[in-house]
Amino acid sequence: MVRINYAINLIMIVALIGALGSRSERATAGVVYGFNDNAASEAQQVSETFYRYMQAYEKKDMETLSKSFASDEKLTAFWPDPSNPFRIEGWKEMRKGLEGYLPAIGSMAINIRQPMVQVYGSLAIVTCHWAFSGVVGGKPQIGSGRGTYVFEKRDGGWVMVHLHESAMPVAAK
């Protein structure tokens, strides 16, 4: 039973990490531009920020990940890890989690599907479906789910202020 719980927890952690990186499809596919050129430009900037964020996971690039998130206590997140069902609050807690997860990743392949960017003034939302396969802790892992990422424009650039990822439910046999 302990081994099963460990495996499930590890899959969920890997799924979270995997959801955030992708070689397969650039996030610009579903940009919602709005009614003017400025909105289109902002949506493109958010899309590029999200793409860099995803690539940082793939490369285990903590420096780029650090620049992707708001660096204050307003940052919040929900990860699809049943062993950690509570909200992550603040950059310090997020960084601690990332520093614990990234070294365990041996390899990963991520598929981001149906990405969409919506811009609402100084806030933007990116939504997508994700699928992950890779090696974590020396063991093959797979997972899939949905993600919502909220960005805020600060000092002329976009940073993530909230993310919510959920694993797809496993069908009963």
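For the numbers below, each heavy atom of this structure counts, side chains included, while hydrogens, waters and symmetry mates do not.
Partners of K153 under the salt bridge (charged side-chain N to carboxylate O under 4.0 Å, His left out) rule, at least two apart in sequence or in another chain, are E42. Checked against salt bridge (charged side-chain N to carboxylate O under 4.0 Å, His left out), K67 has the following partners two or more places apart in sequence or in another chain: E63. Take E73 and apply the side-chain hydrogen bond (donor to acceptor under 3.5 Å, both in side chains) test, not counting sequence neighbours, and it matches no residue. The ring-ring contact (aromatic ring centres under 6.0 Å, His included) test applied to H129 returns no partner, not counting sequence neighbours. Remark: E99 pairs with R95 by the salt bridge (charged side-chain N to carboxylate O under 4.0 Å, His left out) rule, at least two apart or across chains. Applying the salt bridge (charged side-chain N to carboxylate O under 4.0 Å, His left out) test to E93 and every residue at least two apart in sequence or in another chain returns nothing.
Both M94 and L102 are part of a single hydrophobic cluster, where members link through side-chain heavy atoms under 4.5 Å apart. Linking ILVMFWY residues whenever their side-chain heavy atoms come closer than 4.5 Å, directly or via other members, leaves V117 and L123 in distinct clusters. Residues Y101 and I105 fall within the same hydrophobic cluster, defined by Ile, Leu, Val, Met, Phe, Trp and Tyr side chains chained together at heavy-atom separations under 4.5 Å.
The nearest pair of heavy atoms linking P115 to C128 is CA-CB, 3.9 Å. The two residues F132 and S107 make their nearest non-hydrogen contact at CZ-O, 4.5 Å. A pairwise comparison of heavy atoms in R154 and V159 identifies CD-CG2, 3.8 Å as the closest pair. Here the shortest heavy-atom pairing between T64 and S68 reads O-OG, 2.9 Å. L75 and H162 make their closest contact through CD1-N, 4.3 Å (heavy atoms, listed as atom of the first residue, atom of the second, distance). Taking each heavy atom of W158 and G121 in turn, the nearest pair found is CH2-O, 3.6 Å.
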L98 vs Y57, side-chain contact (heavy atoms from CB on, under 4.5 Å): CA-CA, chis, key distance, verdict: CA-CA 10 Å; L98 292 170; Y57 268 99; 2.8 Å; yes
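Between V161 and K74 there is no side-chain heavy-atom pair separated by less than 4.5 Å. Residues I110 and M54 are not in side-chain contact: their nearest non-hydrogen atoms beyond the backbone lie 4.5 Å or more apart. Put simply, the side chain of Y53 reaches to within 4.5 Å of the side chain of L65, judged on heavy atoms. At least one side-chain heavy atom of S66 sits less than 4.5 Å from a side-chain heavy atom of W91.
Checking side-chain atoms of S47 against main-chain N and O of A43 turns up no donor-acceptor pair under 3.5 Å. Between the side chain of W130 and the backbone N or O of R146 there is at least one donor-acceptor pair closer than 3.5 Å.
Rounding to the nearest 0.5 Å gives a distance of 5.0 Å between CD1 of I125 and OH of Y120. Note: D61 CG to Q55 CD = 10.5 Å, rounded to the nearest 0.5 Å. Annotation: the span from Q44 atom CD to E48 atom CD amounts to 4.5 Å, rounded to 0.5 Å.
Using cut-offs of 30° and 60° on the angle between ring planes, the pair F151 and F50 is perpendicular.
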